[in-house]
Amino acid sequence: MLWVKRLSGFVSAAMVLIVLSPSLQSFPPAEAIRSSHHDSHLLRLRPDDSLNPFSFRKAPTFRNADKCSSADPSIRAPISVCDPNLVHVAITLDVEYLRGSIAAVHSILQHSLCPESVFFHFLVSENNLEALVRSTFPQLNFKVYYFDPAIVRDLISTSVRQALEQPLNYARNYLADLLETCVRRVIYLDSDLVVVDDIWKLWRTSLGSRTIGAPEYCHANFTKYFTASFWSNGHFSSAFSGRKPCYFNTGVMVMDLVKWRRAGYTKRIERWMEIQKSDRIYELGSLPPFLLVFAGHVAPIEHRWNQHGLGGDYVKGSCRDLHPGPVSLLHWSGSGKPWLRLDSKRPCPLDALWTPYDFESNTKGLGFIDGGRPVILPLLVKA
């Protein structure tokens, strides 16, 4: 009877949280844009290549609403990455988290009023993933950028979780260098989340004089993110002098790349990583250097844009509930990922809210008909 209880939990979570939204309609997609100078680093696989361990269903089409710019279906001119009307989203692609990245992209398109105006920047450190993305989203606006692991390999120290030591986790530090200089702002998103609101609302967030914006959590015990030796060293701890630092999750950030480039923040982050190698000032992976550079200087974004921690803590099998308040983004940060828990038949109740965005062909796609359109469970909770 265990499966009955779990199914009941799924349905209960869905029924409590579902609010229908006009943005759930699907529109045919825009023209795809091919990668350019980074193509030499990539090997393309056919969707049915025997070396490809993944098989994703083809996405439905997504079209702009009439109120969007360039909504005329007869216009199919190639979209330039430098188009000032685009929303830029950066996501990493790797084998371990690819299923999550595909679901994240799907969720963004599904809930965007103007999906043709979203441009994706995919950061990769391995071959063969571009063709798979293109076969799943044939007309997606995107470009692939190769991030060389050697850039950070000598800067990475051991972490409490081996997954946090992967070089691609640090690619977000180099977005200002990797992306074209005409890209002035970008939304960085982790691969273990789904967006359940229009991404444009996050894109238009005012950063004021700040370089990055993110939901802050000032009630969290900030001291625990650094070692006792860090706090006992006046030279290190003075980094926060004159600031009121708060914890923020780097899996959801709006980044002003113009200010970033001007201030040279990549070098500042690298400097703290070098100190970590010699003095062990923190235990986590890529988060603490960001906190050292930006905590206390972050433009606050509504908490609805990062309902994080749904992956649970480091205790095997732990589940989390949603935080109080409206939801625009669900984030499975933590050690548990929804696709792994679902495949192992040991899901948490809220994992059912990720399932409608899953394109893995071996799943039944709970809540899907018409080639992938969600008919139940898409989540959009408004204030």
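Hydrogens, waters and symmetry mates play no part in the numbers below; they use all other heavy atoms, side chains included. Numbers here simply count residues along the sequence, with the first being 1.
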Q) Do the non-hydrogen side-chain atoms of Y170 and M273 ever get within less than 4.5 Å of each other? A) yes

Q | Test ring pair (Phe, Tyr, Trp, His ring centres under 6.0 Å) applied to F248 - qualifying residues, sequence neighbours left out | A | none

Q. Would you call the rings of H219 and Y217 parallel, tilted or perpendicular, where under 30° means parallel and over 60° means perpendicular?
A. perpendicular

(Q) Can you classify the ring geometry of Y247 versus H308 as parallel (below 30°), tilted (30 to 60°) or perpendicular (above 60°)? (A) tilted

**Q.** Same apolar cluster: L93 and V95, side chain cutoff 4.5 Å
**A.** yes

Q. Can you tell me if H121 and H88 form a side-chain donor-acceptor pair at under 3.5 Å?
A. yes

Q: Give me the ring orientation class for W354 and W339: parallel if the planes are under 30° apart, tilted from 30 to 60°, perpendicular past 60°.
A: tilted

Q | Donor + acceptor pair across side chains of R172, T250 (<3.5 Å) | A | yes

Q) Shared ILVMFWY cluster between L291 and W231, side chains joined below 4.5 angstrom? A) yes

Q. In Å and rounded to the nearest 0.5 Å, what is the CG to CG distance from N64 to L113?
A. 7.5 Å

Q) Would you find a donor on one side and an acceptor on the other, under 3.5 Å apart, between the side chain of H323 and the backbone of Q307? A) no

**Q.** R341 side chain to G311 backbone, donor-acceptor under 3.5 Å
**A.** yes

Q) Where do E274 and L155 land on the side chain to side chain contact (heavy atoms under 4.5 Å, CB included) test, with the steps shown first? A) CA-CA 6 Å; E274 291 169 353; L155 293 172; 3.5 Å; yes

Q | ring pair (Phe, Tyr, Trp, His ring centres under 6.0 Å) between Y282 and F236, intermediate numbers included | A | CA-CA 12 Å; Y282 53 80; F236 293 155; over 10 Å; no

Q. What's the spacing between T136 OG1 and L98 CG if we round to 0.5 Å?
A. 8.0 Å

Q | Heavy-atom side-chain proximity of L175 to L123 below 4.5 angstrom | A | yes

Q | Main-chain N/O of L168 paired with S125 side-chain donor or acceptor, under 3.5 Å | A | no

**Q.** Derivation and outcome, ring pair (Phe, Tyr, Trp, His ring centres under 6.0 Å), residues F142 and F137
**A.** CA-CA 10 Å; F142 76 93; F137 302 100; 8.7 Å; no

Q: Please tell me if the side chains of N249 and H331 come closer than 4.5 Å, counting only heavy atoms from C-beta onward.
A: yes

(Q) Using 0.5 Å steps for rounding, measure from the CG atom of L350 to the CH2 atom of W332. (A) 7.0 Å

**Q.** Interatomic distance, S117 atom OG to N141 atom CG [nearest 0.5 angstrom]
**A.** 8.0 Å

Q | R99 and D343 ion-paired at < 4.0 Å | A | yes

Q: Give a yes-or-no answer on whether the side chains of E180 and Y145 include a donor-acceptor pair shorter than 3.5 Å.
A: yes

Q.
Before you tell me yes or no, could you show the steps for T92 and V124 under side chain to side chain contact (heavy atoms under 4.5 Å, CB included), namely the whole-Å CA-CA distance, both residues' side-chain angles and the distance that decides it to 0.1 Å?
A. CA-CA 6 Å; T92 59; V124 305; over 6 Å; no

Q: Output all residues satisfying ring pair (Phe, Tyr, Trp, His ring centres under 6.0 Å) with Y188, sequence neighbours left out; order by chain, then residue number.
A: none

(Q) Which residue is it: F290, F294, Y174? I am looking for the one with a ring-ring contact (aromatic ring centres under 6.0 Å, His included) to Y265. (A) F294

(Q) Nearest 0.5 angstrom please: I301 CD1 to T205 OG1, how far? (A) 4.5 Å

Q | Charged N-O contact under 4.0 Å between D256 and R184 | A | no

Q: Before giving the answer on side chain to side chain contact (heavy atoms under 4.5 Å, CB included), spell out for L189 and V195 the whole-Å C-alpha distance, their side-chain angles and the decisive distance to 0.1 Å.
A: CA-CA 10 Å; L189 298 176; V195 177; 4.2 Å; yes

